[in-house]
Engineer: 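Handing you this structure, nothing more for now.
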Amino acid sequence: MKLFISEGNPHCLKVLAALEEAGVQCDVQFVNHEENLVPFLSRPSLPALLLPNGQHLFSPNAICRYMFEVSGQECSEACDQWLEWEATDLQPALLQALHMAVLQGKELEATKVLAGPLSYLDQSLTKANTPYLTGDVVSVADLVVCAALHPILSAPSLASGDHKSVRLWFDRVAASQSCVSASHKVLQGKGLQAMKSFMQRQPAPQSGQSRGGTH
Amino acid sequence: MALRELASLEKYLGLKKPNKYSSRGDKKIPVLQNNNGPPLVGLVTIARHLVKEAKQPELLGEAAEDRAVVHQWLEYRVSKLDGCNKEESRTILKDLDLYLQDKVCMAGNHFTLADVLMYNGIHPLIMDLTFQEKERYMNVTRWFDHIQHRAGIRHHLPPVVVLRNRIYSAKHP
């Protein structure tokens, strides 16, 4: 099993954190953003996991889920639901927010773009009243959502006093050894600026409203 | 559309009692009202739940690696395929065509939930293709035709005519 990641790529934060948390043995190799390691994809896509059976995983959430599963922790339905929300609701907004904050210096606009998903997360955490998204123990959903939001929520310029439950939960998960170590490796303490070269290679995001969602 | 898709999936799985659904937000995300707990939200989450309810776990993949590949395509369906524009749809078809070159089904040799959800998601894209384009994406078309002819899969969707013999040049343009 071999994991390919690149510096300053926010998706790689997720898989490194999951790898450390799950404690799975895996070769990790840093590569250039431009390296295309998944033979059937036309655009480079990192992280990429080469499975023991020769197949490739290119979806960060599927990689995280797999890491937890091989370590004996199955993903619950609640956990699956958070992973789906992260991929379909949070990611499009996040990509737009990172584009604005990292490349355009529009930090106020970036926080506005994320207001919807952050409110949803905040309400869910307040309602559940549990330390983690799916209960009393940290799950793959916590790591995925926390790592996705990590660059934004750790940037002092983007911090806001709203979303108190999100802040408490985020501080709890982000303080874990696996998140600290993953963020150190991927962002190297440079915060948002660490992602500049990665963001410059991404296609400009479409505005959140133009994507049609389910047909 | 997602609700009809879930109703068709219930029939395919042989679930006797139809579930109650609603949809949420502008994107019409399906919600399953669950008597035994909080509602389930999202097409992938609900589809996985139905498969477990029908006690057909093999549809989610046999080994851990297969399950990861199945999950990847389920996520691809809702995050990449749904709502893609024309240009993105061409990249998707091109990538899938290469991926399916040496595969019968989305996760290799065995039919899984990934085939069902990818079939439903790609249906509108295939409907838009000319015969000539269908030949260009020959592996996708072959896989699509195989899935649409599987008993109990097509349900609410119209069949797409696929020519089994090439009528255009064998060389890709």
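The structure displayed is predicted, hence computed values, not measured ones.
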Engineer: Please name the pair of heavy atoms, one in Lys27(B) and one in Thr88(A), separated by the smallest distance, quoted to 0.1 Å.
Structural biologist: NZ-O, 3.0 Å
Engineer: Applying a criterion of heavy atom separation less than 4.5 Å, what residues of residues 14-45 of chain A form contacts with chain B?
Structural biologist: Pro39(A), Phe40(A), Leu41(A), Ser42(A)
Engineer: Looking at Lys196(A), I'd like to know if its NZ atom is crowded, meaning that more than 12 non-hydrogen atoms belonging to other residues, nucleotides or ligands lie closer than 6.0 Å.
Structural biologist: no
Engineer: Evaluate the side-chain proximity of Asp89(A) to Ile29(B): yes if any heavy-atom separation is below 4.5 Å, no if none is.
Structural biologist: yes
Engineer: Nearest 0.5 Å, please: how far is CD in Glu84(A) from CG in Leu43(B)?
Structural biologist: 6.5 Å
Engineer: Using heavy atoms and a sub-4.5 Å threshold, report which of residues 6-14 of chain B line up against chain A, by residue number.
Structural biologist: none
Engineer: Under a 4.5 Å cutoff for heavy-atom pairs, which residue among His71(B), Gln101(B), Lys52(B), Lys94(B) has the most contacts with chain A?
Structural biologist: His71(B)
Engineer: If we define contacts as heavy-atom pairs under 4.5 Å, which of Asp66(B), Val70(B), Asp95(B), Ile46(B) has the most with chain A?
Structural biologist: Asp95(B)
Engineer: Take atom NZ in Lys164(A); do more than 12 heavy atoms of anything else shown fall under 6.0 Å from it?
Structural biologist: no
Engineer: Only heavy atoms, only distances under 4.5 angstrom. Which residues in residues 48-81 of chain A are near chain B?
Structural biologist: Leu51(A), Pro52(A), Asn53(A), Gln55(A), His56(A), Leu57(A), Phe58(A), Ser59(A), Asn61(A), Ala62(A), Arg65(A), Tyr66(A), Glu69(A), Val70(A), Glu77(A), Asp80(A), Gln81(A)
Engineer: Do you know which two heavy atoms are closest between Ser79(B) and Ala87(A), and how far apart they sit?
Structural biologist: CB-O, 3.9 Å
Engineer: Tell me, side chain or backbone of Glu75(B) under 4.5 Å from chain A's heavy atoms, or both, or neither?
Structural biologist: side chain
Engineer: I'd like a table of donor-acceptor pairs (distance under 3.5 Å, sequence neighbours excluded) in which one partner is a side-chain atom from residues 135-151 of chain A, with atom names and distances.
Structural biologist:
residue	atom	partner	partner atom	Å
Ser139(A)	OG	Thr134(A)	OG1	3.4
Ser139(A)	OG	Ala141(A)	N	3.1
Ser139(A)	OG	Asp142(A)	OD2	3.3
Asp142(A)	OD1	Leu133(A)	N	2.8
Asp142(A)	OD1	Trp169(A)	NE1	2.8
Asp142(A)	OD2	Ser139(A)	N	2.9
His150(A)	ND1	Ser154(A)	OG	3.1

